Novice: 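Would you mind keeping the following structure in view while I ask a few things?
Only a predicted model underlies this, so the values are computations on that prediction, with no experimental measurement involved.
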Amino acid sequence: MDLRPVLPGVLAFALTAVLALSPAHAGETTPAQSNDDLSNPHRGFLLWGTTVGADGGLPDNYYGASIYQIYLPWREVETADERYDWDGFEQRHLAPILAEDPNATFVLRPLADYPDSVGNNIHHYYDSEQPERDYPKFLGQAPLNIPGRVYNSCGGDGPGVAPDYNTPAMREQLQQFVHAFARRYDGDPRITAVHVGLLGFWGEWHTSGCASYEPDATTRALVRDAYTSAFAQTPLHTRYARASDVGGAGFGFSEDFFPSYTAMCNTYSPVLKRCDDTGWWNLEWGYRNEVPAARENWRLNPIGGESPYADQKKLWTDRTADIVKLVRDYHFTWLGPAGQHENTGTAAFRAKLLSIKRALGYEFTVRRVAWSDQAVVGASLPVTLSIENTGVAPLYQVYQAELHWLDAAGTLRAKSVLDYPLTGLLPGAPHSQAMQANVPATLAPGRYTLKLALADSWPGRRGIAPQNVGRDSNGRLTLGAVDVVAAR
């Protein structure tokens with residue numbers, strides 16, 4: 001997946017090509033931007049999905065969300081050394097969601113220790129032995145003999161069992177798991193992103209309140225490097241902008257104490273609830289003091305976050321303008337699963353939530369499409385397409401622009417894939433590109449309506465609706481007519 005940003009020189013060349021290739025007789029449309037509430041894939045609000053199968057139903061969904069966070073307990077997946085029950089995991093966790101929401105995508109987070117996993121029903125599919133343990137039993141047995149520490153409370157979180165992350169055997173097992181995880185899910189179109197997880201409480205790479213249980217810098221670096229070598233396509237993000245966690249990797253970040261640990265505290269007045277900017281747990285502090293280059297990682301991998309406390313959630317509706325500014329300044333693609341979107345209310349309450357939702361992630365606004373008004377079967381049709389990403393972050397998954405050819409009865413007769421870089425298109429000025437679209441040889445001569453689709457590269461999956469007036473019920477933008485004639 002090529003996520004390289006479009007460079008200014010390329011834009012200038014493409015614009016010159018537009019002028020040079022514009023046909024003498026052409027169709028053209030410059031559709032207006034809409035203010036519709038669109039629920040496009042891989043962006044917006046994130047919902048809790050881990051225990052849907054165990055709890056017997058989807059969480060409340062008031063704002064058209066379709067991304068679900070799934071904690072992936074290591075214990076549940078690796079049943080013996082290098083024996084993985086991926087099919088069982090999917091049947092228990094993904095299938096119940098997809099049965100009710102076929103458009104669902106997932107943020108997967110593997111973990112070895114979820115404090116109070118019993119109280120949160122994470123243990124539902126475990127056998128009865130030591131239900132607070134979230135890592136595989138074989139790790140503690142011969143020949144590995146990796147110690148586990150039973151705790152009742154670490155800083156108020158617990159009970160649980162923390163493995164010793166820093167033994168040579170554990171480091172080897174962690175890396176082995178990451179590579180197996182990638183073999184299964186790298187490039188899977190159902191996966192919005194992978195949170196690297198696996199270490200520390202909730203996969204957040206810390207054991208706050210029990211410092212002696214911490215995965216050390218060596219362990220963190222080994223796991224980090226395992227992810228960067230194993231995953232080539234699926235977006236990755238981690239919890240903290242900390243040097244040992246990120247290094248030179250392009251990881252995005254999950255700000256799981258949003259908005260309290262996002263910006264420096266003096267950025268907003270009054271100071272945001274629970275704000276703390278005194279160390280690496282704060283995203284902005286990490287950018288300034290630990291990994292300055294990672295400030296630009298949003299160009300390659302997503303930024304997300306959630307608000308676990310009631311006073312943080314309330315900020316979404318009490319100080320909506322500040323929340324939207326944070327989303328824009330730090331290029332957030334999603335918020336959740338904990339957040340004010342778990343609630344609904346008055347029309348004014350909903351309007352505030354929808355303004356936050358629209359600010360998240362990519363947003364594609366078509367600015368101009370031009371095409372020759374006559375096409376020859378089996379030949380090429382000159383097309384110029386200009387799209388602006390009017391959102392705050394790129395699309396990180398692989399989608400493609402397509403021309404759909406509809407006959408006079410409105411029946412789709414053919415599709416042509418356009419060589420246009422949707423993936424990685426950065427916010428900013430419109431990107432105009434002239435290209436040659438294939439005129440399918442299966443078309444009979446006649447007049448056709450052209451429609452623009454922003455389609456998932458995997459067949460059968462939901463496409464992206466552009467933020468324009470003039471979309472049809474399938475989210476395609478109606479362009480205009482073209483006459484197809486037989487080849488001579």
Side-chain angles (χ1 to χ4, degrees), residues 1-7 107-111 165-166 168 170-183 185-187 191-200 203-206 214-256 261-264 277 279-305 329-334 392-398 421 423-427:
M1 176 167 56
D2 187 354
L3 297 178
R4 292 171 294 180
V6 179
L7 301 177
V107 174
L108 300 182
R109 184 189 296 198
L111 59 87
Y165 296 102
N166 303 318
M170 185 60 159
R171 288 169 175 165
E172 180 65 28
Q173 288 291 319
L174 289 162
Q175 294 172 85
Q176 178 179 286
F177 177 84
V178 169
H179 283 276
F181 186 31
R183 286 194 296 272
Y185 290 111
D186 189 31
I191 309 305
T192 291
V194 161
H195 187 295
V196 298
L198 205 53
L199 300 177
E204 292 188 1
W205 292 35
H206 71 84
E214 291 273 357
D216 64 21
T218 298
T219 298
R220 296 196 300 268
L222 287 170
V223 174
R224 174 199 74 207
D225 293 346
Y227 270 103
T228 58
S229 66
F231 281 85
Q233 299 178 70
T234 297
L236 298 172
H237 70 152
T238 192
R239 176 65 181 93
Y240 297 112
R242 182 168 50 172
S244 60
D245 301 17
V246 181
F251 292 159
F253 299 100
S254 181
E255 211 294 73
D256 288 354
Y261 290 0
T262 311
M264 303 304 283
D277 59 7
W280 49 260
W281 46 88
N282 179 284
L283 182 60
E284 178 62 31
W285 192 99
Y287 286 162
R288 294 186 183 190
N289 298 283
E290 292 267 336
V291 281
R295 189 182 294 276
E296 301 303 315
N297 284 9
W298 66 272
R299 296 170 180 267
L300 300 176
N301 285 291
I303 310 296
D329 288 350
Y330 290 90
H331 307 279
F332 279 76
T333 286
W334 68 75
V392 303
L395 169 69
Y396 302 99
Q397 294 73 28
V398 181
T423 300
L425 185 62
L426 296 176

Novice: Which heavy-atom pair separates L236 from N301 by the least distance, and what is that distance?
Specialist: N-OD1, 2.9 Å
Novice: Centroid-to-centroid, H206 to W280, below 6.0 Å?
Specialist: no
Novice: Do side-chain atoms of E255 reach the backbone of I303 as a donor and acceptor pair under 3.5 angstrom?
Specialist: no
Novice: What verdict does the side-chain contact (heavy atoms from CB on, under 4.5 Å) test give for V196 and V223, after you've listed the backbone C-alpha separation in whole Å, the side-chain angles of each residue and the deciding distance to 0.1 Å?
Specialist: CA-CA 8 Å; V196 298; V223 174; 5.7 Å; no
Novice: Check whether any side-chain N or O of N166 sits under 3.5 Å from a backbone N or O of E214 as a donor-acceptor pair, and report yes or no.
Specialist: yes
Novice: So, do P235 and Q397 sit near enough that their side-chain heavy atoms are less than 4.5 Å apart?
Specialist: yes
Novice: Would you check if the side chain of N289 reaches a backbone N or O of G279 as a donor-acceptor pair within less than 3.5 Å?
Specialist: no
Novice: Does G203 offer a backbone N or O that forms a donor-acceptor pair with the side chain of R239 under 3.5 Å?
Specialist: no
Novice: Measure the CE-CD distance between M170 and Q175 for me, rounded to the nearest 0.5 Å.
Specialist: 11.5 Å
Novice: Test your reading of the model: is there a side-chain donor-acceptor pair from T234 to the backbone of G187, 3.5 Å cut-off?
Specialist: yes
Novice: For the ring pair (Phe, Tyr, Trp, His ring centres under 6.0 Å) test, which of F251, W334, Y227 pairs with H237?
Specialist: W334
Novice: CZ of R220 to CG of L222: how many Å apart, nearest 0.5 Å?
Specialist: 11.5 Å
Novice: Using a 3.5 Å distance criterion without hydrogens, assess whether the side chain of T219 forms a donor-acceptor pair with backbone atoms of Y165.
Specialist: yes
Novice: Ring pair (Phe, Tyr, Trp, His ring centres under 6.0 Å) with H331: which of F253, W298, Y396?
Specialist: W298
Novice: Holding to side chain to side chain donor-acceptor pair (under 3.5 Å), I want the full list of residues that pass it with D225, two or more places apart in sequence or in another chain.
Specialist: none
Novice: Is a donor on one side and an acceptor on the other found under 3.5 Å between the side chain of E290 and the backbone of A243?
Specialist: yes
Novice: Between F231 and Y185, does the ring centre distance come in under 6.0 Å?
Specialist: no
Novice: Please evaluate residues N297 and V291 with respect to the criterion side-chain contact (heavy atoms from CB on, under 4.5 Å), reporting the C-alpha separation (whole Å), side-chain torsions for both, the decisive distance (0.1 Å), and the verdict.
Specialist: CA-CA 10 Å; N297 284 9; V291 281; over 6 Å; no
Novice: Over all heavy atoms of both residues, which pair between P215 and L199 is shortest? Give the atoms and the distance, please.
Specialist: CG-CB, 4.0 Å
Novice: Check R224 against A249 and note the closest heavy-atom contact, atom names and distance.
Specialist: CG-CB, 4.4 Å
Novice: I'd like to know if D277 pairs up with R288 as an ion pair, taking the criterion as any Lys NZ or Arg NE/NH1/NH2 lying under 4.0 Å from an Asp or Glu carboxylate oxygen.
Specialist: no
Novice: What pair of heavy atoms forms the shortest contact from A230 to D186, and how long is it?
Specialist: O-OD2, 3.9 Å
Novice: Before giving the answer on side-chain contact (heavy atoms from CB on, under 4.5 Å), spell out for L198 and V178 the whole-Å C-alpha distance, their side-chain angles and the decisive distance to 0.1 Å.
Specialist: CA-CA 9 Å; L198 205 53; V178 169; 3.9 Å; yes
Novice: Identify the heavy atoms of G304 and F332 that sit nearest to each other, and give their distance.
Specialist: O-CE2, 3.3 Å
Novice: Please give me the minimum heavy-atom distance between R109 and G197, naming the atom from each residue.
Specialist: CG-CA, 4.0 Å
